[in-house]
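First the proteins, then the strands, lettered A, B, ... as listed; each starts at 1.
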Amino acid sequence: MDEKYFAKKIEQKWQQKWAESGAFHAEPDATRPKFYALEMLPYPSGNLHMGHVRNYSAGDALAWYKRLKGFNVLHPIGWDSFGQPAEDAAVKRGVNPREWTEANIIAMRGQLERLGLSYDWRRQMAAHRPEYYKFDQWFFLKMYEMGLAYKKQTQVNWCSNDQATLSNEQASGGICWRCGNPVTKKDLEQWFLKTTAYTDQLLDDMAEIEAGWPASVLKRQSDWMGRSEGAFVDFDVMASGESLFACPIVDGLTSMSDQGKSRVRIFTTRIDTIYGANALVLAAEHPVIQANIDNFSEEVASKIAIIRTENARPADHEVEIEKDGIDTGLKAINPFSGEELPVWVGNYVMMAYGTGAVMSVPAHDERDFEFAKKFGLDIREVVQSASFSLSSADAAQAEDCTLNEAFSDYGVVVNSGEWSGMSSEEAKSAMTAFAEKSRFGQGATTYRLRDWGISRQRFWGSPIPIIYCDTCGVVPEKFENLPVRLPENAPITGTGESPLAKVPEFYETTCPKCDGPAKRETDTMDTFVDSSWYFFRYLDPTNEDVPFDIEKAAYWAPVDQYIGGDDHAVMHLIYARFWSKVMRDMGLVTFDEPVKRLLTQGMVVGETFFDDESGKRVYYPAAEVTVERDVKGRITSATTSVPGAVATGASDNPKSKIQNPKSLRHAIERMSKSKGNGVDPDEMVEIYGADAARIFVMFAAPIENELVWHEAGIEGAVRFLQRVWRLVHRWEPAFRVQASACSSPEQKQPEGCTLNGKRLRQKTHQTIKRVSDSFESLQFNTPVAALMELSNAIGDVEFENADDDTVFAVREALTSLVLMLTPFSPHTSEELYSVLIGNEDGMLANGARFPEFIDEMAKADEIEIPVQINGKLRSRVMAAPETSNETLEKMVFADEKVREYTDGKEVIKVVVVPKRLVNIVIKN
RNA sequence: GCUGGGGUGGCGGAAUUGGUAGACGCCCAGGACUUAAAAUCCUGUGCCUUUAGGGGCGUACGGGUUCGAUUCCCGUCCCCAGUACCA
């Protein structure tokens with residue numbers, strides 16, 4: 001018998017057994033409750049990193065837990081295999097993207113298998129395979145039919161570093177999501193999916209998933225969609241004096257009044273403040289401004305030009321942009337008051353939001369306030385509140401009141417004609433109604449969310465199944481012709497043009513309508529299309545006719561638990577929610593939301609020191625560096641034990657002095673090879689074993705926290721597993737000799753059990769409760785700690801001369817421990833379970849179940865009650881849990897230590913918290 | 001700036017509805033075993049203080065509520081994440 005724990009041996013053994021028996025294959029089964037456990041699928045870069053290990057270890061733990069709880073668990077994995085790195089590899093090394101991707105998938109699958117993750121590999125999907133992307137195209141055509149896919153000429157976000165188009169979500173903050181480069185704009189014709197048709201649903205349906213999703217993710221999504229309710233108001237605009245004025249009619253932005261006057265439309269959420277408007281402020285790009293650019297004075301025109309170019313510049317997060325603008329000389333009429341207002345161009349008004357035009361109300365809007373202060377415009381107060389009220393005399397002079405800051409809360413409307421005296425809320429609806437009746441405005445809701453631009457001038461993506469015919473125009477490919485396949489040998493240059501446009505065999509085709517010569521669309525789809533619905537493909541991965549069978553989806557979907565990084569909170573998770581709603585409207589699914597519960601796990605980061613030597617960063621792993629600091633925390637000297645990492649002066653000396661300690665910086669960053677702070681999961685598995693690596697990753701920090709990778713702790717996980725291993729092998733012969741002294745574990749406490757046995761059984765059942773509760777609340781670090789405690793408790797039981805009851809209690813404890821460890825260390829658990837149970841069929845084949853918590857067993861005969869005197873812990877007494885408060889009080893006052901404090905003192909009060917503590921308040 | 005989340009030993013982190021702060025692990029120190037080392041096992045380990053028993057102080061800081069506060073309230077400081085003038 002193996003007395004020693006050889007991780008590698010048992011891991012290989014069980015991985016093979018699982019694969020052979022199809023242990024994790026799942027099929028619909030109406031007799032059992034289902035559980036769909038899903039983790040975000042990896043990009044097949046070729047290397048797994050610790051972030052994956054963390055993500056998948058958590059998902060696997062949950063999948064195992066649910067299996068042992070009797071659920072029919074679906075736990076699949078696949079590959080987000082379209083995308084840029086394959087093309088980069090093609091450009092740099094001349095490899096074929098498909099071959100490169102397939103090789104990486106094989107390599108990474110091996111890594112996942114060596115971790116012993118319990119996937120149903122039969123369901124593996126890969127985005128780049130025609131049998132998958134066929135249905136990207138299928139969905140696209142369906143959306144085209146539904147009017148949800150359309151083409152238009154726009155300014156797209158462009159990353160000059162990646163030579164790639166980006167959706168708004170991917171260009172958030174003016175920064176490329178992939179490389180962090182500033183994003184510029186480029187004019188392109190591209191295909192869009194109408195995400196905006198679902199904005200309200202995407203916002204409102206959050207109520208359905210509120211309980212299961214992190215609030216921060218939902219908040220970020222709703223911020224991103226940016227719904228704001230208010231009103232459009234049309235201002236008559238005219239030239240003043242002799243100057244010319246041109247007003248192009250642009251739907252939604254400008255119009256003509258019944259009297260034939262030009263109108264500019266503004267959007268406001270605070271129509272109640274309109275009497276406080278002192279100007280109309282337009283974006284520099286506004287069509288009225290651009291149409292009149294030659295009519296303005298040179299000064300005005302050049303200022304507008306400056307603002308425009310500055311607007312086009314990528315955003316700098318660090319610098320706050322100063323308000324700037326200029327009076328154009330145009331005039332506008334406030335339709336409520338009839339007052340004439342100047343028309344300004346302001347750098348703080350953006351063409352992309354609302355109508356690109358605002359009314360400036362400095363008293364009640366911070367930005368307008370700043371603007372007015374800078375240019376000396378008047379500030380009129382039209383809203384007051386209880387906390388911010390002026391006397392009526394002051395109100396009369398409100399016009400020259402000098403505010404220090406804008407008051408942007410709701411209050412009571414003043415100085416606003418017939419609306420004065422109303423609350424802001426009342427005024428908003430009354431004034432909106434009036435504007436509608438008077439035909440110069442209407443209630444309106446605006447959104448920040450834009451339609452999803454999916455065209456990419458890339459090779460390694462799903463071709464958009466559209467054909468351009470000189471006779472018939474834009475013609476969708478026929479469903480029966482799908483998939484539109486990628487050619488094998490496209491010239492990939494990475495210079496930003498569509499590679500498919502250089503492959504006549506690809507783009508030359510015939511029109512599905514008229515059979516005349518025609519050309520295919522040569523752009524491919526954003527890879528986020530693939531990841532928007534991949535988790536439905538797992539449900540029916542081989543279906544050739546439709547993306548998935550409705551019946552199968554009805555059983556498995558929606559996802560019960562999704563786990564992944566919160567960097568996808570906005571992009572992927574909005575797209576996936578959108579896609580599900582479209583599928584619902586297509587009749588494929590019956591629910592609104594695809595994911596019931598979401599867990600966002602924190603990043604795994606590495607700690608390094610780095611030094612910018614001659615412009616090139618030199619990294620030192622933190623574990624290899626010893627630094628000394630001065631009082632101010634500056635590094636004064638540093639040594640490293642990695643001679644190779646030292647740029648100069650490297651020697652055989654194991655500790656080398658780092659040349660420029662003063663320029664050395666401490667950094668905690670995302671792991672990467674180039675920084676030398678990465679860890680190879682394969683290496684971890686090789687050295688410590690998959691189970692130890694997985695336990696450590698789960699135990700090291702709460703799953704949602706960032707995890708700074710320090711290898712030091714992993715030894716503890718190995719030691720723990722070895723301890724459990726030894727315990728089982730030490731006690732197992734005793735279990736065989738005395739197999740059923742106390743019969744089944746479900747049984748109640750046998751008569752005459754020793755105290756030893758009782759205590760251990762309490763600990764066992766308390767642990768069962770703690771561990772189960774932890775899994776239900778998605779905590780993975782605390783159950784490991786609880787299991788370590790249990791194993792310590794078992795270790796404390798004396799083996800020599802153990803009586804039958806003790807042996808029984810140990811057997812129950814060890815069996816429970818082994819079962820509860822399965823989600824964290826499945827190989828070791830399977831092996832130890834087979835030792836305990838006497839066969840090697842595996843837990844699932846044996847119908848093993850997570851141990852049941854028995855409340856009665858967890859109860860202690862005697863508990864320790866801390867005794868406080870004036871809130872300070874002074875003593876402890878042992879008492880039965882059901883001891884009455886009166887008895888307990890007596891016991892406490894009988895305690896010697898307590899009497900030392902209370903003798904001769906006046907007892908003011910005694911607080912007894914049943915089963916918890918006693919606090920005696922005395923007068924000193 | 002705004003929004004959200006935080007601040008607990010040398011480190012990662014535990015602490016039910018307010019009820020023994022520091023579980024569990026790492027690191028470190030001492031000991032046992034060993035010819036020796038590794039492994040393993042045992043002991044100690046918040047800080048200060050005391051010969052000892054003990055005592056005092058401790059959950060960013062300052063107040064408050066309470067018999068009792070890491071937990072609740074008010075104020076201040078700091079860190080992290082998201083966001084970028086959204087009208």
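Phe699(A) is listed as a side-chain neighbour of Met788(A), based on a closest heavy-atom distance under 4.5 Å.
Distances were taken from every side-chain heavy atom of Arg876(A) (C-beta onward) to each of C24(B), A87(B), U20(B); the shortest belongs to U20(B). The Asn792(A) side chain lies nearest to C24(B) when the options are G55(B), C86(B), C24(B). Taking every side-chain heavy atom of Leu873(A) into account, U20(B) is the closest of A87(B), U20(B), C24(B). For Glu789(A), whose side chain is taken as the heavy atoms from C-beta onward, the closest listed nucleotide among A87(B), A23(B), U83(B) is A23(B). Listed nucleotides A84(B), G19(B), G55(B) differ in distance to Tyr901(A); the shortest reach to its side chain belongs to G55(B). Distance from the side chain of Met788(A) is smallest for G25(B) among the nucleotides G25(B), A87(B), U83(B). Comparing C67(B), C24(B), C41(B) by their closest approach to the side chain of Arg723(A) singles out C41(B).
The residue Val913(A) sits close to a base: some heavy atom pair falls under 4.0 Å. Using a 4.0 Å heavy-atom distance criterion, Val910(A) is classed as making no nucleic acid contact. Glu366(A) comes within 4.0 angstrom of nothing in the nucleic acid, heavy atoms only. Phe780(A) comes within 4.0 angstrom of no nucleic acid atom, judged by non-hydrogen atoms across all strands. Residue-level contact check: Met350(A) touches the bases, meaning some heavy atom is under 4.0 Å from a base atom.
Only the C1' atoms considered, G18(B) is 22 Å distant from G13(B), to the nearest whole Å. Only the C1' atoms considered, C47(B) is 13 Å distant from U59(B), to the nearest whole Å. Taking atom C1' on both nucleotides, G82(B) is separated from U71(B) by 27 Å, rounded to a whole Å. A69(B) and G63(B) have their P atoms separated by 14 Å, with the value rounded to a whole Å. Across the P atoms, G44(B) and C80(B) are found 39 Å apart, a figure rounded to whole Å. Of the P atoms belonging to G75(B) and G25(B), the separation is 42 Å, rounded to the nearest Å. Taking the C1' atom of each, G56(B) and U50(B) are spaced 11 Å apart, rounded to whole Å. Using P as the reference atom, U16(B) and A23(B) are 15 Å apart when rounded to the nearest Å.
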**Request:** Could you walk me through whether Thr446(A) and Ser228(A) pass side chain to side chain donor-acceptor pair (under 3.5 Å), step by step?
**Result:** CA-CA 5 Å; Thr446(A) 60; Ser228(A) 54; 3.3 Å; yes
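Protein atom CZ of Arg726(A) is 9 Å distant from nucleotide atom C1' of C41(B), rounded to whole Å. With rounding to whole Å, Arg220(A) atom CZ is found 12 Å from G5(B) atom C1'. For the pair Trp224(A) CH2 and A81(B) P, the interatomic distance rounds to 19 Å; values are reported in whole Å.
Annotated as syn: G9(B), whose glycosidic dihedral is within 90° of 0.
Side-chain polar atoms of Ser816(A) and Thr764(A) form no donor-acceptor pair below 3.5 angstrom. No side-chain N or O of Tyr348(A) forms a donor-acceptor pair with one of Asp324(A) less than 3.5 Å apart. Residues Arg448(A) and Asn168(A) have side chains that never bring a donor and an acceptor to within less than 3.5 angstrom of each other. The closest side-chain donor-acceptor pair between Tyr447(A) and Thr195(A), if any, does not fall under 3.5 angstrom. With no hydrogens or angles considered, a side-chain donor-acceptor pair links Arg874(A) and Tyr901(A) at under 3.5 Å.
In this structure, U40(B) forms a base pair with A32(B), meeting either the Watson-Crick or the G-U wobble geometry with both donor-acceptor distances under 3.5 Å. Searching all strands for a Watson-Crick or G-U wobble partner of U65(B) with both distances below 3.5 Å returns nothing. In this entry A81(B) has U3(B) as its Watson-Crick or G-U wobble partner, both defining distances falling under 3.5 Å. In a base pair of the Watson-Crick type (N1 to N3 plus N6-O4 or O6-N4) or a G-U wobble (N1-O2 and O6-N3), with each distance short of 3.5 Å, A21(B) is matched with no nucleotide.
The side-chain tip of Lys323(A) does not point at the ring of Phe371(A) from less than 6.0 angstrom away and within 45° of straight on.
A salt bridge does not link Arg899(A) to Asp895(A): none of the charged nitrogens lies less than 4.0 Å from a carboxylate oxygen.
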Between the protein and nucleotides 27-29 of chain B, are there any N/O to N/O pairs under 3.5 Å, and if so, what are the atom names and distances?
from, atom 1, to, atom 2, distance (Å)
C27(B), OP2, Arg719(A), NH2, 3.4

Between protein and nucleotides 15-17 of chain B, what N or O pairs are separated by less than 3.5 Å?
from, atom 1, to, atom 2, distance (Å)
U16(B), O4, Arg916(A), NH2, 3.1
U17(B), O4, Arg916(A), NH1, 3.3

Nucleotides 10-13 of chain B: which of its N/O atoms have a protein N/O under 3.5 Å away?
from, atom 1, to, atom 2, distance (Å)
G12(B), O2', Ala700(A), O, 2.2
G13(B), OP1, Asn705(A), ND2, 3.3
G13(B), O3', Asn781(A), ND2, 3.4

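Toward the 5' end of RNA chain B, the nearer of the two residues Thr269(A) and Gly716(A), judged by each one's closest nucleotide, is Gly716(A). Heavy-atom distances to RNA chain B give each of Lys219(A) and Asn919(A) a nearest nucleotide, and the one nearer the 5′ end belongs to Lys219(A).
Taking only distance into account, the side chain of Gln722(A) never meets the base of U40(B) through a donor-acceptor pair shorter than 3.5 Å.
Every pair passing side chain to side chain donor-acceptor pair (under 3.5 Å) that includes a residue from residues 564-573 of chain A is listed here, sequence neighbours excluded: Tyr562(A)-His572(A).
Not one N or O on the side chain of Ser57(A) forms a donor-acceptor pair closer than 3.5 Å with the backbone of Arg54(A). Put simply, the side chain of Asp451(A) gets close to the backbone of Thr196(A): a donor and an acceptor are under 3.5 Å apart.
Remark: Ala569(A) engages Val217(A), Arg220(A) in a side-chain contact (heavy atoms from CB on, under 4.5 Å) (not counting sequence neighbours). For Ser424(A), the side-chain hydrogen bond (donor to acceptor under 3.5 Å, both in side chains) partners at least two apart in sequence or on another chain are Asp272(A).
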